[in-house]
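One structure below.
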Number of protein chains: 2
Amino acid sequence: MRIGELGQAAGVDVETIRFYEKSGLLPAPARSENGYRAYGSTHLERLAFIRHCRALDIPLSEVQRLLEFVEHPNADCGDIDQLIDTQLAKVRARLKSLKALEKQLSSLRGRCGAKHIAGECGILHELVAAAHKEACVCHGHFEPKTLAT
Amino acid sequence: MRIGELGQAAGVDVETIRFYEKSGLLPAPARSENGYRAYGSTHLERLAFIRHCRALDIPLSEVQRLLEFVEHPNADCGDIDQLIDTQLAKVRARLKSLKALEKQLSSLRGRCGAKHIAGECGILHELVAAAHKEACVCHGHFEPKTLAT
DNA sequence: AGAAACCCTGTAGTTACTACAGAGTCAAGG
DNA sequence: CCTTGACTCTGTAGTAACTACAGGGTTTCT
């Protein structure tokens, strides 16, 4: 099948498929006489594998490694569980920070009254006030990454 | 104060500060005779405001808008609560998908036994099996019927 | 035949930073 | 005074994972 068909079968953009090929994740397929890529089921499976891993937020570099393991069943796979552990830790950390973020945003949202003049906007006041508080060096450094990451 | 001092005061990288200036978020400051940037407390407050918004995952383009409201207190601020609502919706959606992801990864992690050969790795088997027949929660596009070529 | 959809390669853009490179300035120490 | 390391400057490029052209060729359908 051609690239468009592969894309439809796997629910992936053709440009993403080309991107994966260029990145080395997908092997370059055979070509028809007109130069079009000609894919078979092997590519489809591999692409599905990649997309499934991506859905698990596994970085492409790690997906590459997993694919190598698939290709070499006799290789030592001691790192795979560690990879999943790393992902799990990341997800849990992110969940934690997002929950805090949701709480902050909800609180901020609650400050919006019926007023529609910027000078009287509770949200804006709160954002400015927060900036004032943080701008005071007595309160230490505000590190957004710890919340937003 | 110089850029390094501003960065320390706000807990921001000097390169990020220059980035913000270039992006138009921070006004270009006065310069000393040697060409160094000379900042005052106004910049510090504005930077803190920006960082606080970033901590709330507010995109820079929206931070820019908020800053404009701060500068024009008489402007209609009808969009600000909507901005926060949009952020809240994003955060909640992301929370939902991350929870599903955590569940999947935990399940996947549970498949790892004591084996350390790739060919016998439960995690790898599951990833490959998923590519064959299962749509994951976040992916959703892959359907077995489209396997037919 | 013509138009639209598909394909190709190569380049550039998105978002929010982050990291140089090469050169100038400053402050402390020998 | 000189040296050295830290700081500053502007400009460019890179990061991750795509996504969107541009310009040109091929296929399919009306």
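No experiment lies behind these values; they were computed from the predicted model shown. Throughout, protein chains are lettered first and strands after them, A, B, ... in sequence-line order, and every chain is numbered starting at 1.
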Can you name the residues that form a salt bridge (charged side-chain N to carboxylate O under 4.0 Å, His left out) with [X], not counting sequence neighbours?
X: A/R46; answer: A/E71
X: A/D85; answer: B/R109
X: A/E102; answer: B/R92

I want to check something: taking the side chain as every heavy atom from C-beta on, are [X] and [Y] in contact at a cut-off of under 4.5 Å?
X: A/L25; Y: A/Q64; value: yes
X: B/R51; Y: B/T16; value: yes
X: B/L127; Y: A/V70; value: no
X: A/L6; Y: A/V12; value: no
X: B/L101; Y: B/L98; value: yes

Polar atoms only, N or O, under 3.5 Å: list the protein pairs with nucleotides 2-6 of chain D and their distances.
none

Inset, instruction - Would you jot down, in residue-number order, the residues of residues 14-24 of chain A having a non-hydrogen atom under 4.0 Å from DNA chain D? - result: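 Under 4.0 Å from DNA chain D: A/E15, A/T16, A/F19, A/Y20.
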Legend entry - Nucleic acid contacts - residues 83-94 of chain B versus DNA chain D, non-hydrogen atoms under 4.0 Å: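 Within this stretch, nothing sits under 4.0 Å of the strand.
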Legend entry - Within residues 2-27 of chain B or reaching into it, pairs that qualify as salt bridge (Lys or Arg N to Asp or Glu O under 4.0 Å) - sequence neighbours excluded: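 Residue pairs with at least one partner in residues 2-27 of chain B: B/E21-B/R37.
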Euclidean distance, atom [atom1] of residue [X] to atom [atom2] of [N] [Å, nearest integer]:
X: B/I58; N: C/dT15; atom1: CD1; atom2: P; value: 16 Å
X: B/D57; N: C/dA16; atom1: CG; atom2: P; value: 10 Å
X: B/M1; N: D/dC7; atom1: CE; atom2: C1'; value: 16 Å
X: A/R31; N: C/dC7; atom1: CZ; atom2: P; value: 12 Å
X: A/R37; N: D/dT26; atom1: CZ; atom2: P; value: 16 Å
X: B/I50; N: C/dC17; atom1: CD1; atom2: C1'; value: 14 Å
X: A/E5; N: C/dA5; atom1: CD; atom2: P; value: 17 Å
X: B/L6; N: D/dT8; atom1: CG; atom2: C1'; value: 14 Å

Legend entry - N/O donor-acceptor pair under 3.5 Å between B/R54 side chain and B/I58 backbone: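 Yes, the answer is positive, given that a donor and an acceptor are paired below the 3.5 Å cut-off.
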Legend entry - Main-chain N/O of A/D57 paired with A/Q87 side-chain donor or acceptor, under 3.5 Å: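 Yes, A/Q87 side chain to A/D57 backbone: donor-acceptor pair under 3.5 Å.
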Inset, instruction - Could you pick out which residue, B/N34 or B/L60, lies toward the 5' side of DNA chain C when each is mapped onto its nearest nucleotide? - result: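 Closer to the 5' end of DNA chain C: B/L60.
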Are there any protein N/O atoms within less than 3.5 Å of an N/O atom in nucleotides 28-30 of chain D, and if so, which ones and at what distance?
none

Inset, instruction - Could you list all the ring pair (Phe, Tyr, Trp, His ring centres under 6.0 Å) pairs where at least one residue sits in residues 1-37 of chain B, not counting sequence neighbours? - result: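 Non-adjacent pairs meeting ring pair (Phe, Tyr, Trp, His ring centres under 6.0 Å): zero.
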Inset, instruction - Report the residues that fulfil ring pair (Phe, Tyr, Trp, His ring centres under 6.0 Å) with A/Y39, sequence neighbours left out, ordered by chain and then residue number. - result: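 Result, ring pair (Phe, Tyr, Trp, His ring centres under 6.0 Å) vs A/Y39: A/H43.
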Inset, instruction - Heavy atoms only: give me the nearest B/C53-B/L66 pair and the separation to one decimal. - result: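 Nearest heavy atoms, B/C53 then B/L66: SG-CD1, 4.0 Å.
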Inset, instruction - Of all the heavy-atom pairs spanning B/L88 and A/S106, show the shortest one and how long it is. - result: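 Of all heavy-atom pairs spanning B/L88 and A/S106, the closest is CD2-OG, 3.7 Å.
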Please list, for nucleotides 1-4 of chain C, all pairs of protein and nucleotide N/O atoms separated by less than 3.5 Å.
none

Legend entry - side chain to side chain donor-acceptor pair (under 3.5 Å) partners of residues 26-35 of chain B, not counting sequence neighbours, each pair once: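 Non-adjacent pairs meeting side chain to side chain donor-acceptor pair (under 3.5 Å): zero.
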